Amino acid sequence: MLAWWQKAVFYQIYPRSFADSNGDGISDFPGMTARLDYLQDLGIDAVWLSPHYPSPQFDCGYDISDYEDVAPEYGTLDDFKRFLDEAHRRNIRVILDLVLNHTSHEHPWFLESRSSRDNPKRDWYIWRDGKDGGPPNNWYSIFGGSAWEYDPTTDQYYYHFFLKEQPDLNWRNPEVKKAMFDVVRFWLDMGVDGFRLDAVSTIFEDPEMPDHPVQFTQLDLYKALLALRGEEKERAAYLRAQREELFKYQRDMPEVHELMQELRSVVDEYPDRVLVGESDQIAFYGDGTNELHLVFNFPLMRTDRLTPAWVRANQRERLAALPPGAWPCNTLGNHDSPRVISHFGDGEHDAEWARICLALMLTLKGTPFLYYGEEIGMTDLPLQDIGQFRDMLGVRAYHAFVQEMGMSHEEALAIANQVGRDKCRTPMQWANAPNAGFSPAGVQTWLPVNPNYTQGVNVQDQLDDPDSLLNFYRRMLRLRRETPALIAGEYEPLHEDAEDYLAFLRHSEADGQTCLVVLNMSDRSHRLHFDLEATRARCLFSSRTREGTVDDLTELFIAPFEVYIAELTHRI
Ligand code: GLC
C-alpha cells in the first residue's frame, strides 16, 4: 500500500503571490482559501506553502522572526486554520516550509543572543572572535560577501550562510534542537501534513572552521552560482567545481543525518505526515526509512535543455542510487528557479514544451511537485528597474556588478534578473482584468504583474478553452489519478538511443497494469517500432486527436511534440 504522499501531486504556493483578498497588493490566507475550489478542480492533492510566518522579508519570508504565527499581511493564525480545514475538507493536504538553518536577525532568539556575550541564548547562534582585524575565516555566504558579520555590541562576528539578516542557528546546542522540535510539534498538533525542509545541507558546518583553499573573487562567486549562460562551457564547469570546494566546510556535515533521524522520529509520532528535503543529496533518504520521505530530484532540472538522453541518464542514475524503500520526487520549477516555459521552452514551441514538461512530471516514477501558475503557462518577468526588485540576491548582485566591475546599469540589471528570483514570483494571473484579477484595479502589487495576462495567460480565459494548457493540466491530472501504473509502476526505459523522443513503460505488478508512455520532445514526427507483438495498446491519453485501440503494437506514429500514453494488454 502506498502512502498518500507517494500518490499525491503537490502544488507549491508562494503565499505572497497567490490571491489578494483585501486589496493590499499581497496575497493572504482568506484569498488563498477562496481559491481552494480552483485547486481541487485542477486535480492536485497537496499544497506546499512557502514560508507564511512573520518575517521582515529580507529573503522573501525565508527569514523568520516567529515560527509559531502567521505574517500579519497574510492574516491571522485563525485564517491559517480555516485555510487548513478547508483544504482538508477538499482532500487537499498542506505542508509548510520549515527553515531550520537560520532565523531572521529580528527573531527574539537572535536579539537576545546578540545582546551580550553571557546571554543564555548567546550560544544559540555561531559567534567567533575575528582574526587579524578581519572575520574569523575566509568563508563566503552563498548570497555573496563574507559569511561573517561583525557585531560591535559584543565585538564578535556571527556566521550566516545566507544573508546577514539570516544568522545561522547553532544546532550543536541541544536547546536549539528542543526549541525547533517544539515548533514542529506546534504545527503537527494543528494538523499540518508535513514539511518541506529548507536548506538542510547547511545546518552544520565544520567546527574547526578551516579556511577554504579557493582563490575566488566575488564576481567568480556570482558566476559560479549561476554558471552564467553565455559563460564559456569549460569555464562554467571549472567555476562550478570550484564552488564545491569553496563551500566544502560549510555543508553536508555528517551530523545532519543524526538530526534528520531525530526529526523523523518526532514526525513519526503523528500518523501520515511527510518530510521533503531541499537538497541534492540522496543521503537525506537515510536508509530509505529513517530520514526524509522525499528528496527533490534537482539534477533533473539542472540543464538548459531537456532532452530524452538527459532524462534517461537522470533516471538511470537517480533510481539506481535510491536506497531500498525510498520514493523518488521530481520537479522542474520552484520559487528559486526560472519558470518552466522560460527555462525549457525554445521560444518557438513554448506551448508544446509546457505540455511535455507536465507530462514528464506526471509520468515519471515519483511524487511530482508543480509550481503555481505553471498550469496557465506563466513565464518569468524580467524587471525593468532595480527599484522593483524584492529579492536581495538580485539587488546585491546588481550593486556588486556595478561597483566592482564597473558594469553598465543595463548589463548589471540583466545579470540581476538572472541571479534574482523575483522573476518567477510574480502574482498569479486569474483573469484578463486589471492586475490580472490578483488585486483590485489601481492597487500596486508587491511585484509587478506579468502583462502577458492580457494574452491568454490567465485562468479565466483558459478555463473556457478546451485546448488550453490549463485544461491539458486538468486532463492529465485526472488521468494520473485514474491510472495506477502511472503512480505505482516501475520505470522501464525503451528505445534508449532515440534522440528525439522518450519512451518508457510503467509497470505495476500489484495493479496488474502496464502503461506505455511516449513523449516526443521534438518538432519531427516519428514512426516507432516495438518488439511487442500480440500486445494491444489502448490509448489513454494523447495530446493529438487519436482513436482508441491498436491491436498488435508493432508500430506507432507519433506527431511532433505528441504526448502519448497507452495501457498495454496481451491479446489473447
Ligand atoms: C532555500 C530557499 C530559498 C532561500 C534559502 C535561504 O534555498 O528555497 O528561497 O533563499 O533557502 O533560506
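Note that the structure is a prediction, hence the values are computed from the model and not measured. Both counts, for ligands and for their atoms, begin at 1 and track the order of listing. Residue indices begin at 1 and follow the sequence shown.
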For the NZ atom of Lys178 and the CE atom of Met180, what is their distance to the nearest 0.5 Å?
13.0 Å
The protein residues that pass the under-4.0 Å heavy-atom test against ligand 1 are Asp59, Tyr62, His102, Phe143, Phe162, Gln166, Arg196, Asp198, Glu278, His335, Asp336, Arg421, Arg425
Here's one to test your reading of the geometry: is the NZ or CZ of Arg390 within 45 degrees of the ring axis of Trp446 and under 6.0 Å from its centre?
no
side-chain hydrogen bond (donor to acceptor under 3.5 Å, both in side chains) involving Asn290 - partner list, sequence neighbours excluded
none
Between Trp124 and His102, does the ring pair (Phe, Tyr, Trp, His ring centres under 6.0 Å) criterion hold? Intermediate values first, please.
CA-CA 10 Å; Trp124 281 41; His102 50 269; over 10 Å; no
Residue pair Trp5, His293: steps toward the ring pair (Phe, Tyr, Trp, His ring centres under 6.0 Å) verdict:
CA-CA 9 Å; Trp5 47 267; His293 301 85; 5.0 Å; yes
Looking at Asp151 and Arg114, is there a salt bridge between them, counting it only when a charged N and a carboxylate O are closer than 4.0 Å?
yes
